[in-house]
Number of protein chains: 2
Amino acid sequence: MKKNTKEEIVDSAVLLFNTYGTSSVSTNHIAEESGVSIGNLYYYFKNKEEIIREILECMISDWDHIWVAPSNGDILDGLQTIIRQSFHLEWKYRFFYRELIALMRIDEQLQQRHQEIEKQRIEEQKKLIENLINSGVIRNLRSPSDIDSLLTISWLISNYWLSFLESDGQEITDEQVERGVQLILTVFKPYLAI
Amino acid sequence: MKKNTKEEIVDSAVLLFNTYGTSSVSTNHIAEESGVSIGNLYYYFKNKEEIIREILECMISDWDHIWVAPSNGDILDGLQTIIRQSFHLEWKYRFFYRELIALMRIDEQLQQRHQEIEKQRIEEQKKLIENLINSGVIRNLRSPSDIDSLLTISWLISNYWLSFLESDGQEITDEQVERGVQLILTVFKPYLAI
DNA sequence: GACAAATTAGAGTAATTACTCTATAAATGA
DNA sequence: TCATTTATAGAGTAATTACTCTAATTTGTC
């Protein structure tokens, strides 16, 4: 489990960002935390923004692993698993979700990359829902725009459930994560075949 | 419409925070933008955090006006109006919503105040829903926990709809606001008496 | 008008910031 | 082996930061 210098820097940055927020953490802090000299840090990263961009790439890679996982067995079960793992990733990189819009406003490159993969992800989710409709798990939807609405709502929940808990001052526990999963199912409940 | 110095500072702060984000805006910037000397700014505010706290108080006051408004006429219409106005307030103070969790982590005083009024607001919303149930607008809910779920979901949408649009790179227009209102109604649709 | 209190201006400061530069040390490979 | 690339350390710098201090001005009150 030997980490190289670059990984060491990224890991320390995530730790500090999660704890103190990006604006309170300087490159000097990151260097100190990771036990790497300032000079060496700047050998690997041009600036703080580039570190954050690298963290985004780590997130993307983590996400890919979740979606690649084959959902053998119950299709609804597979969906729940994906949602659950998504919540865990959001927690791992929580600083990013807390400050998302602010970060993207500062760094346009970050914005473009994030929006690019976000678009992909929505498409994937759309396909998954269509799958559920085709296999008869979901029915009784009145119009195609209803699908869009449902999709948007479940997206909102999966992306902001942890933020809501945090801003409400609640602890993030496994039970809370489970509540989030169930919340998404609540939205679909009226349209689920028993 | 003559503004006093304190208001001038607060207004400039909101403008700059919305445009550049709190971390990029210094007290010096705010002083310059508002045409007030640094010394004078510090006469009114101990530091940047205190300015943000004052902005929160402005928000709270604005919110109170929305909820005080008597919902004469259709109760469902009144609800929609409140949601619509909420979105407009969220946009007015958008920096606050963008950076909420980060801001609260830095300033515990801000966190406590925000969570205090947030709790109140959830209670108000709960009463409103109960009102809708009692007056027969909403029905067919299976259990009391269903009410809670519905409430949480509509809360999530009303709080994060604009954030979602922003992080998705979409413009905030009146039509988008209306979509947000309709989205919340979608959640209740299966339970609405026609 | 005279006095006190409230308000304003802006020069000044210590700390921190991001980032550069140069000088070594370690790894590589011909 | 030894020369070249890669990696590391850390002192140094210019800019910016939040905030203080003092001195001047305005305001209100009698």
Side-chain angles (χ1 to χ4, degrees), chain A residues 1-57 95-96 99 102-111, chain B residues 1-57 95-96 99 102-111:
Chain A
M1 202 68 85
K2 192 79 161 288
K3 278 185 280 189
N4 62 32
T5 306
K6 205 170 176 182
E7 287 171 340
E8 205 81 66
I9 294 169
V10 168
D11 287 356
S12 296
V14 171
L15 177 73
L16 293 176
F17 288 159
N18 279 339
T19 310
Y20 304 106
T22 54
S23 61
S24 304
V25 176
S26 69
T27 45
N28 299 23
H29 290 143
I30 298 170
E32 195 176 1
E33 172 70 28
S34 58
V36 166
S37 69
I38 313 152
N40 202 18
L41 184 145
Y42 275 94
Y43 174 76
Y44 286 102
F45 298 98
K46 217 183 77 200
N47 50 38
K48 204 165 112 179
E49 294 179 8
E50 209 171 72
I51 297 177
I52 296 175
R53 268 181 239 135
E54 177 65 25
I55 294 174
L56 174 59
E57 292 308 319
F95 86 91
F96 196 85
E99 308 177 36
L103 290 174
M104 294 199 308
R105 297 196 121 246
I106 291 168
D107 182 0
E108 202 181 341
Q109 221 174 310
L110 189 83
Q111 179 180 28
Chain B
M1 201 68 85
K2 192 81 161 286
K3 278 185 282 190
N4 62 32
T5 307
K6 205 170 176 182
E7 286 170 342
E8 206 79 66
I9 294 169
V10 168
D11 288 356
S12 297
V14 171
L15 177 73
L16 293 176
F17 289 160
N18 278 340
T19 311
Y20 304 107
T22 52
S23 61
S24 305
V25 176
S26 69
T27 45
N28 298 25
H29 290 142
I30 298 170
E32 195 176 1
E33 172 70 28
S34 57
V36 167
S37 69
I38 314 153
N40 202 17
L41 183 145
Y42 276 93
Y43 174 76
Y44 286 101
F45 298 99
K46 218 183 76 199
N47 49 39
K48 203 165 111 177
E49 294 178 9
E50 208 170 74
I51 298 177
I52 295 175
R53 269 180 239 134
E54 177 65 26
I55 295 174
L56 174 58
E57 292 308 318
F95 85 91
F96 196 86
E99 308 177 35
L103 289 174
M104 293 199 309
R105 297 196 121 247
I106 291 169
D107 181 0
E108 202 181 342
Q109 222 174 309
L110 189 83
Q111 179 180 29

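Sequence lines set the chain letters: A, B, ... in the order given, protein chains first and strands last, and positions in each chain run from 1. Every value quoted in this text rests on a predicted model; they were computed, and no experiment measured them.
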Visitor: Under 4.0 Å, counting only non-hydrogen atoms across every strand here, what does B/Asn40 touch: a base, just sugar-phosphate, or nothing?
Guide: base
Visitor: The side chain of B/Ser26 lies closest to which of these nucleotides: D/dC19, C/dG10, D/dA18?
Guide: D/dA18
Visitor: Calculate the interatomic distance between B/Ile38 atom CD1 and D/dA23 atom P; express it in whole Å.
Guide: 18 Å
Visitor: Check whether B/Glu33 reaches the backbone of B/Ile30 with its side chain - one donor and one acceptor, N or O, closer than 3.5 Å.
Guide: no
Visitor: Provide, to the nearest angstrom, the distance between the CG atom belonging to A/Asp107 and the P atom belonging to C/dA18.
Guide: 15 Å
Visitor: Contact class for A/Asn28 (heavy atom, under 4.0 Å): base, sugar-phosphate, or nothing?
Guide: base
Visitor: If you look at every heavy atom in B/Tyr44 and B/Glu50, which pair is closest and at what distance?
Guide: O-OE1, 3.9 Å
Visitor: Donor-acceptor pair, B/Glu54 side chain versus B/Val10 backbone, under 3.5 Å?
Guide: no
Visitor: Rounded to the nearest angstrom, tell me the gap between atom CD in A/Glu8 and atom C1' in D/dT8.
Guide: 14 Å
Visitor: Closest approach to the side chain of A/Lys48, judged atom by atom: which nucleotide of D/dC19, C/dA18, D/dA7 is it?
Guide: C/dA18
Visitor: A/Ser24 or A/Gly39: which one's nearest nucleotide on DNA chain C is closer to the 5' end?
Guide: A/Ser24
Visitor: Roughly how many Å is it from CD1 in A/Ile51 to C1' in C/dA18, rounded to a whole number?
Guide: 11 Å
Visitor: Is the phosphate of C/dT7, meaning OP1 or OP2, less than 4.0 Å from a side-chain N or O of B/Thr5?
Guide: no
Visitor: Once you round it to whole Å, what is the distance between C1' of C/dA11 and CG of B/Leu41?
Guide: 16 Å
Visitor: Map A/Gly35 and B/His29 onto DNA chain D by nearest heavy atom, then report which one ends up closer to the 5' terminus.
Guide: A/Gly35
Visitor: Rounding to an integer number of Å, can you tell me how far B/Glu32 CD sits from C/dG10 P?
Guide: 12 Å
Visitor: From the list C/dA6, D/dA18, D/dA7, which nucleotide is the closest neighbour of the side chain of B/Thr27?
Guide: D/dA18
Visitor: Can a donor-acceptor pair be found, under 3.5 Å and without considering hydrogens, that links the side chain of A/Glu32 to the backbone of A/His29?
Guide: no
Visitor: Could you give the CZ-to-C1' distance, from B/Phe45 to C/dT7, as a whole number of Å?
Guide: 14 Å
Visitor: Ignoring the backbone of A/Val36, work out which of D/dA9, C/dA6, C/dT20 is nearest its side chain.
Guide: D/dA9
Visitor: Think A/Tyr44 has a side-chain N or O under 4.0 angstrom from the OP1 or OP2 of D/dT8?
Guide: yes
Visitor: Could you tell me whether B/Arg53 and B/Glu57 have a side-chain N and a carboxylate O separated by less than 4.0 Å?
Guide: no
Visitor: Rounded to the nearest Å, what distance is computed from the OH atom of residue B/Tyr43 to the C1' atom of nucleotide D/dA24?
Guide: 14 Å
Visitor: Check this one for me: any side-chain N or O of A/Tyr42 less than 4.0 Å away from OP1 or OP2 of C/dC21?
Guide: no
